[in-house]
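Whatever order the structure lists them in is the order used to number ligands and atoms, beginning at 1. The first residue of the sequence shown is numbered 1, and numbering continues consecutively from there.
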Amino acid sequence: MEIQRNIMDYDTVSLDDDNSAVVIIDQTKLPGNIELISLKTAQEIWDAIYLLQVRGAPAIGVAAAYGIYILAKGIDTQDYDTFYAEFKKQKEYLDSSRPTAVNLSWALNRMEQVIIRNSDKTVPELKQLLKKESIKIQEEDIRVCRTIGEYGLSLVKPGDGILTHCNAGKLAASKYGTATAPIYLGQEKGYGFRVFADETRPLLQGARLTAFELYASGVDVTLICDNMSATVMKNGWVNAVFVGCDRVAANGDTANKIGTSVVAAVAKQYQVPVYICAPTSTIDLSTPNGDAIKIEQRKPEEVTEMWYQERMAPEGVKVFNPAFDVTDHSLIAGIVTEYGIARAPYSESLKEIFAKKEAIEAEGV
Ligand SMILES: CSC[C@H]1O[C@H](OP(=O)(O)O)[C@H](O)[C@@H]1O
């Protein structure tokens, strides 16, 4: 008898036992098959991020941190400058896999800082410090997501309807997810949320991943097509929208999966608050506003034929396939971080969030 495997029992991203590979759930195979794959080379790691075998801003950051660690481990030199030069080459390559989710560069830069701050250490010592930092990044991700869940839970009440778009769940992070964190914590407390998951064309992260993980967790989830979000909100079935993010700009404009801005515009029409669940690792104060966020453009085949037995569009037709869009800060009721909920004006409140973060870090809490 096949053992009933629950997706929630698997780590989205991990290091293998001998620290020689990044192990991920291949999310392109979900929900049909739960397959773990080991990534050992720079090309394998790059491909896994680009092909969305591992995806979601926090999960991409953790995969990149583990990835650059195992690549650094393989650099065969005892000379600091030679080691650092090769590290930078590998880091720049991994950083080129996807442009929008800031966690990729955030994690890689954080790993590089370990080398910069420890120029007096030997190469073996640097490799150990890189391992330690990569594990710390994943441990923080788990703590951060749970804290976001706690703040998010304060925005809803038992029995509420929650709509989410794309997958900002456990499969986009290490555990809890970001937008799903309030849902999972509510599940622990018996809140009985009714969740509506947008399927999220063209790659169907909502159908294949969010509905999959929530259903596996016993959450009351209803899968809807993207064009149905207006109806469920008009019917009064949604009390709040929780979504993830890939990059939050200094003024609160937020890049997230394509279609998020549509959900936010419809939510405004029906007076449903939209909350961005945003680890501070996904907030980029160096990006002034949404116009400055680079939006990844992906292949037309994802739109025209990816999920169909036959092509569903004429051969050669023009296709526009931006992977993300930017939700204007004016459509966002709150940005839920692990240091509290930022409210408009975000150009001020996000700075206050980071000031709180820095003060707590300075205390070594
Ligand atoms: C926890 S944030 C996840 C975020 O990333 C997703 O994009 P992709 O599936 O292309 O990596 C989507 O925008 C989610 O909201």
Side-chain angles (χ1 to χ4, degrees), residues 12-13 24-28 30 48-64 97-104 106-107 138 140-142 144-149 152 163-184 197-214 226 241-248 254-264 274-284 290 293-299 302-303 306 321-327 332 335-338:
T12 304
V13 191
I24 64 169
I25 299 168
D26 180 350
Q27 299 192 30
T28 63
L30 295 178
I49 293 171
Y50 175 73
L51 296 171
L52 281 74
Q53 290 176 299
V54 58
R55 41 133 317 271
I60 290 171
V62 172
S97 52
R98 294 185 77 189
T100 306
V102 67
N103 292 61
L104 176 57
W106 167 83
Q138 179 158 51
E140 283 176 12
D141 180 42
I142 294 170
V144 161
C145 286
R146 184 174 178 92
T147 308
I148 285 173
L163 184 138
T164 191
H165 188 77
C166 197
N167 174 255
K170 159 254 182 354
L171 289 165
S174 299
K175 189 175 180 182
Y176 300 110
T178 57
T180 57
I183 296 168
Y184 286 130
D198 281 354
E199 68 172 353
T200 317
R201 271 192 57 77
L203 293 179
L204 305 180
Q205 290 94 325
R208 298 187 299 110
L209 308 176
T210 301
F212 183 47
E213 65 172 87
L214 291 180
D226 300 332
V241 173
F242 282 116
V243 292
C245 53
D246 292 87
R247 192 182 298 252
V248 180
T254 297
N256 195 51
K257 185 50 51 198
I258 187 73
T260 304
S261 65
V262 176
V263 168
V274 175
Y275 298 111
I276 306 290
C277 294
T280 50
S281 58
T282 313
I283 300 173
D284 175 12
I293 298 175
K294 181 172 171 50
I295 300 297
E296 177 186 13
Q297 301 297 322
R298 293 186 62 90
K299 291 180 177 174
E302 293 177 353
V303 176
M306 186 146 187
N321 183 19
F324 302 97
D325 63 17
V326 175
T327 297
I332 297 169
I335 298 176
V336 186
T337 79
E338 69 274 31

(request) Go through ligand 1 atom by atom and flag the ones less than 4.0 Å from a non-hydrogen atom of A168. (result) 1 (C)
(message) Using a 4.0 Å cut-off to any heavy atom of Q205, which atoms of ligand 1 qualify?
(response) 8 (P), 9 (O), 10 (O)
(message) Is it the case that the side chain of T210 and the backbone of C166 share a donor-acceptor pair, with hydrogens and angles ignored and the cut-off at 3.5 Å?
(response) yes
(message) Quick check: H165 and ligand 1, any N/O pair under 3.5 Å apart?
(response) no
(request) Examine distances only and state if a side-chain atom of T337 and a backbone atom of P279 form a donor-acceptor pair shorter than 3.5 Å. (result) no
(request) Verify whether the ring centers belonging to Y184 and Y176 lie closer than 6.0 Å. (result) no
(request) Distance to 0.1 Å, residue and atom name: give those for the protein heavy atom nearest to atom 12 (C) of ligand 1. (result) C166 SG, 3.4 Å
(request) Considering heavy atoms of the protein only, find what lies nearest to atom 4 (C) of ligand 1 and give residue, atom and distance to 0.1 Å. (result) D246 OD1, 3.5 Å
(request) Give the residue, atom name and distance (to 0.1 Å) of the protein heavy atom nearest atom 15 (O) of ligand 1. (result) N256 OD1, 2.5 Å
(request) For P58, take its heavy atoms, then give the atoms of ligand 1 lying under 4.0 Å from any of them. (result) 1 (C), 2 (S)
(request) State the atoms of ligand 1, each with its element, that fall below the 4.0 Å cut-off from a heavy-atom position in L52. (result) 9 (O), 10 (O)
(message) Donor-acceptor pair, distance only, cut-off 3.5 Å: does the side chain of N103 make one with the backbone of I60?
(response) no
(request) Mark the output for A323 as yes if a heavy-atom distance to ligand 1 is under 4.0 Å, and as no if none is. (result) no
(request) In sequence, state the C-alpha distance, the side-chain angles, and the governing distance for D246 and T100, and then conclude on side-chain hydrogen bond (donor to acceptor under 3.5 Å, both in side chains). (result) CA-CA 6 Å; D246 292 87; T100 306; over 6 Å; no
(message) So, applying side chain to side chain contact (heavy atoms under 4.5 Å, CB included) with N167, which one of D198, L209, L30, L203 is it?
(response) L209
(request) For the pair T147 (side chain) and E338 (backbone), establish whether a donor and an acceptor sit closer than 3.5 Å, ignoring hydrogens and angles. (result) no
(request) Show which atoms of ligand 1 fall inside a sub-4.0 Å distance from at least one heavy-atom site of G56. (result) 3 (C), 5 (O), 11 (O)
(request) Give the C-alpha distance, both sets of side-chain angles, the deciding distance and a yes or no for side-chain hydrogen bond (donor to acceptor under 3.5 Å, both in side chains) between S174 and Q138. (result) CA-CA 7 Å; S174 299; Q138 179 158 51; 3.2 Å; yes
(request) Could you name the option among R298, R247, K257 that has the heavy atom nearest to atom 7 (O) of ligand 1? (result) K257
(request) Name the closest protein heavy atom to atom 2 (S) of ligand 1, giving the residue it belongs to and the distance to 0.1 Å. (result) C245 O, 3.3 Å
(message) For R201, is there an ion pair with D226 - N to carboxylate O distance below 4.0 angstrom?
(response) no
(request) Answer yes or no: is there an ion pair linking R98 with E296, defined by an N-O contact shorter than 4.0 Å? (result) yes
(request) Within a distance under 4.0 Å of any heavy atom of R98, pick out the atoms of ligand 1 and give their elements. (result) 8 (P), 10 (O), 11 (O)
(message) Test your reading of the model: is there a side-chain donor-acceptor pair from R208 to the backbone of Q27, 3.5 Å cut-off?
(response) yes
(request) Could you find the nearest protein heavy atom to atom 1 (C) of ligand 1 and give me its residue, atom name and distance? (result) T178 OG1, 3.2 Å
(message) Checking a contact table here: which protein heavy atom is nearest atom 9 (O) of ligand 1, and how many Å away?
(response) R55 NE, 2.7 Å
(request) Number the atoms of ligand 1 from 1 as they appear, then name those within less than 4.0 Å of a heavy atom of A172, with their elements. (result) 1 (C), 3 (C)
(request) Using non-hydrogen atoms of the residue, decide whether N167 is closer than 4.0 angstrom to ligand 1. (result) yes
